[in-house]
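Here is the structure we will look at, set down as structure tokens.
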Protein chains: 4
Amino acid sequence: MIHTAEYLFGKQGYTQTTIKDITTRAGISVGTFYFYFNNKGELFQHLYDEFAKKLQIISDFALKKSDLGVIEGFCRYKAAELWTFQQLQEIAKTMLIEAPGFDPLFEKKRAHTFHKSNERVEHIFKNLCKHGHVHIQDTKTAALLCNGSLYSVVMEWLQQNRTQPLTEYAYPIIIFNLNAFQLKYVEEMVQTYITETISDIDTFFHFNKWV
Amino acid sequence: MIHTAEYLFGKQGYTQTTIKDITTRAGISVGTFYFYFNNKGELFQHLYDEFAKKLQIISDFALKKSDLGVIEGFCRYKAAELWTFQQLQEIAKTMLIEAPGFDPLFEKKRAHTFHKSNERVEHIFKNLCKHGHVHIQDTKTAALLCNGSLYSVVMEWLQQNRTQPLTEYAYPIIIFNLNAFQLKYVEEMVQTYITETISDIDTFFHFNKWV
Amino acid sequence: MIHTAEYLFGKQGYTQTTIKDITTRAGISVGTFYFYFNNKGELFQHLYDEFAKKLQIISDFALKKSDLGVIEGFCRYKAAELWTFQQLQEIAKTMLIEAPGFDPLFEKKRAHTFHKSNERVEHIFKNLCKHGHVHIQDTKTAALLCNGSLYSVVMEWLQQNRTQPLTEYAYPIIIFNLNAFQLKYVEEMVQTYITETISDIDTFFHFNKWV
Amino acid sequence: MIHTAEYLFGKQGYTQTTIKDITTRAGISVGTFYFYFNNKGELFQHLYDEFAKKLQIISDFALKKSDLGVIEGFCRYKAAELWTFQQLQEIAKTMLIEAPGFDPLFEKKRAHTFHKSNERVEHIFKNLCKHGHVHIQDTKTAALLCNGSLYSVVMEWLQQNRTQPLTEYAYPIIIFNLNAFQLKYVEEMVQTYITETISDIDTFFHFNKWV
DNA sequence: AATGAATGAGCATTCATTCAT
DNA sequence: GATGAATGAATGCTCATTCAT
């Protein structure tokens with residue numbers, strides 16, 4: 001039923017999807033739905049929490065490698081995010097695009113996740129500044145710009161036909177941001193980092209499935 | 001009535017705002033509303049068209065200056081966008097954040113405007129490539145990244161308390177993008193371009209009011 | 001529609017009567033119902049207020065006569081109450097019997113009306129005590145007993161077949177209470193007072209119809 | 001579980017109390033409930049029967065005394081009723097106040113009990129008439145008035161704060177009715193009868209607990 | 001005996017839209 | 001041009017009851 005809800009929310013949007021739509025398609029009764037969730041919003045919250053958790057799990061995994069250099073870390077983090085959005089594309093559409101609009105209660109949750117992601121990136125930048133790799137005045141805005149550039153590609157991909165894998169956009173996105181922050185890099189290494197990350201995650205995921 | 005609709009959509013969201021909300025607040029009857037618009041969606045479309053038109057008008061004005069250099073053009077374009085979003089902040093929230101979610105019909109329109117904006121930026125990049133200022137492989141993705149970075153700041157600003165003017169973010173956004181595309185610039189000049197643009201638009205707007 | 005609601009509430013009870021029952025029988029749409037009342041409870045409140053108001057109007061009228069003696073006043077008051085319950089028998093059933101059970105919000109209103117009626121009777125008793133007509137220690141409980149004896153007859157009548165007019169019970173009820181409070185009376189006069197009151201009210205009502 | 005149901009019906013009312021409310025609070029499963037009762041109504045019927053039976057038991061006990069005079073019998077009967085209502089106050093509220101409203105099936109049962117109580121009182125009155133103690137024309141209405149006056153005090157007590165014991169109202173209620181039927185009595189004796197009855201029942205109940 | 005997940009008919013309420021005046 | 005009462009399909013949610021285990 002949860003999978004059905006993800007599918008329908010992604011396809012028709014949260015508001016346009018009725019409880020009956022979900023239950024009929026999932027082959028259960030309305031009562032059963034309300035046995036597991038108190039209301040429609042609670043289902044959405046659950047989906048969102050799962051979404052945020054998965055995003056976290058993959059990012060954590062990608063950064064777990066030892067002797068992680070600045071550039072490599074950045075590449076792995078971004079590649080991992082793209083891989084996850086691709087994996088969760090059905091529900092991602094609802095989470096990233098529709099969700100902000102329909103419920104002030106939920107809006108808080110979304111804002112919180114978004115800020116956590118921003119803080120994460122900001123933290124990376126602050127570290128880079130401290131080690132003299134780069135000079136950024138307003139790290140908060142910098143994080144926003146960095147995340148925003150990635151999200152714009154993800155959203156465009158979600159709203160278009162998704163012909164090619166989202167992860168193929170990792171390279172231009174990363175190069176764009178490395179340049180933006182005037183970080184020095186070797187093009188071939190960037191590509192290697194990305195490929196390795198995707199491969200690592202695929203293997204990890206194949207054996208663990210969100211554990 | 002149109003202004004009331006903008007206000008209420010921005011405050012409560014499109015779905016949460018009823019026709020009666022709008023007409024009561026605007027001091028007209030429901031019947032009168034349906035004399036001017038065939039349905040709720042048409043009102044939104046109208047608002048959206050107006051929004052897109054205004055965005056266009058200000059961008060056009062900002063780029064009308066003679067002897068416009070590459071960097072100056074970029075600065076003026078971005079500053080103009082920010083100025084407009086700040087000016088139209090009430091409805092901008094609905095247009096940028098909520099709209100994508102609630103109707104496939106609107107979605108097309110929104111996508112169209114977004115693509116036009118992207119194409120505009122892409123066009124700039126293609127020109128830059130042609131004159132050898134910069135080397136960009138995938139100009140489409142580049143435009144997406146460039147726009148996305150700006151939008152992320154706008155959205156954050158719209159959803160937060162909006163204490164400082166949105167235009168104050170012009171400088172970090174522009175620097176971020178100029179670096180990202182490895183364009184050479186003089187920091188003082190960038191700031192000057194921005195200040196001049198804002199000043200020009202203010203004057204223009206003071207006399208013309210969206211004409 | 002209001003009359004339909006009164007009829008159905010009286011026949012099936014408040015809870016068992018759906019909005020659709022009312023609207024279908026009244027030949028209007030559900031939407032129309034909600035145009036006039038915000039919810040089911042509000043309709044009930046309205047019915048109750050009307051009920052209480054009418055009870056008040058008739059009592060006031062019955063006691064408006066000049067040179068009203070103690071016994072006559074008591075007789076007229078009780079006769080007037082019975083006449084009103086008979087007149088409003090459909091809704092009275094809901095108000096007196098069902099209402100106390102289904103809504104704490106409404107319960108307050110009901111309690112208030114009930115207390116006002118009690119206070120009215122209590123006030124009569126206090127006056128009687130002052131003029132030495134009777135000696136009652138606990139006038140509050142006395143009023144309760146007096147009202148309760150009448151209500152029990154009304155309720156029984158409402159729940160049974162209602163073959164004879166409720167007003168025919170006025171005489172035994174009044175005699176019962178006059179005795180209970182050891183008031184001296186002439187049997188024939190009591191009967192005359194009752195007959196006169198009913199006749200007065202019938203005439204008044206025929207011309208004024210709840211004003 | 002039965003006690004839980006009594007408690008919840010008394011607190012929230014029959015309609016507002018769900019089967020789940022009862023089973024959860026009683027620490028049993030819904031299935032178990034339906035093993036003992038076929039449906040919600042049957043539980044209520046059971047509660048009602050128990051309630052009526054207890055009322056009967058105490059009344060019977062109170063009247064079992066030998067050499068019972070007319071006045072003493074009346075006093076003992078009324079005092080016993082009040083004692084029982086006080087004892088069963090939780091469920092009494094539902095039985096006396098709410099029950100009449102929600103189901104024609106219950107209504108019959110309630111009416112039956114009420115009539116039995118009335119007949120009992122009527123029987124007393126008929127005896128009094130036969131022995132010339134009193135002259136009552138319509139004994140049925142008389143019984144109604146007599147019972148009604150007591151019920152009104154009970155209901156008021158149930159709906160208010162219940163600060164003082166219900167049995168303290170026995171004296172005014174009885175005096176009221178003795179006067180109403182023009183029965184001669186000695187005030188001190190009435191008070192003695194009441195006190196004795198309460199004391200007898202307390203002792204009986206202490207050893208037998210509804211047997 | 002006991003469990004509790006599953007059922008689904010049924011209800012109050014909303015709101016974009018219509019149309020007679 | 002303007003009004004606003006009327007419409008009714010559609011939705012989220014409840015809860016007594018069932019039944020496989």
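Comparing Thr17(A) and Thr32(C) against DNA chain F, the residue whose closest nucleotide sits nearer the 5' end is Thr32(C).
Among all heavy-atom pairs drawn from Val154(B) and Leu96(B), the shortest one is CG1-CD1, 3.9 Å. For Lys20(D) against Phe35(A), the heavy-atom pair with the smallest separation is NZ-CE1, 4.0 Å. In terms of heavy-atom proximity, Thr113(D) sits nearest to Ala52(D) at CG2-CB, 3.8 Å.
Across all strands shown, Tyr36(D) has heavy atoms under 4.0 Å from sugar-phosphate atoms exclusively, and none from any base. Across all strands, Phe35(A) comes closer than 4.0 Å to base atoms (heavy-atom distances).
When both pairing distances are held under 3.5 Å, dT14(F) makes a Watson-Crick or G-U pair with dA9(E). Pairing partner, dT21(F): dA2(E), with both Watson-Crick or wobble hydrogen-bond distances short of 3.5 Å.
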> Going through the checks in order, is the side-chain contact (heavy atoms from CB on, under 4.5 Å) test met by Phe51(A) and Phe85(A)?
Replying inline: CA-CA 9 Å; Phe51(A) 179 76; Phe85(A) 285 134; 3.6 Å; yes
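Lys40(A) forms no cation-pi arrangement with Tyr34(A), by the criterion of a distance under 6.0 Å to the ring centre and an angle within 45° of the ring axis.
Thr94(A) and Tyr48(A) share no donor-acceptor pair across their side chains, judged by distance under 3.5 Å alone.
Rounded to an integer number of Å, the gap from CE of Met1(C) to P of dA5(F) is 15 Å. Computed from coordinates, the Ile22(D) CD1 to dG4(E) P distance equals 17 Å when rounded to whole Å.
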N/O-N/O pairs, protein side and nucleotides 17-19 of chain F side, under 3.5 Å:
unit_1: dT17(F); atom_1: OP2; unit_2: Tyr34(D); atom_2: OH; d: 3.1
unit_1: dT17(F); atom_1: OP2; unit_2: Lys40(D); atom_2: N; d: 3.0

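Taking only side-chain nitrogens and oxygens, Ser29(A) comes nearer than 4.0 Å to OP1 or OP2 of dT7(E). At dT11(F), none of the side-chain N or O atoms of Thr18(A) fall inside 4.0 Å of OP1 or OP2 (strictly under the cut-off).
Spacing of P atoms, dT21(F) relative to dA1(E), comes out at 23 Å, to the nearest Å.
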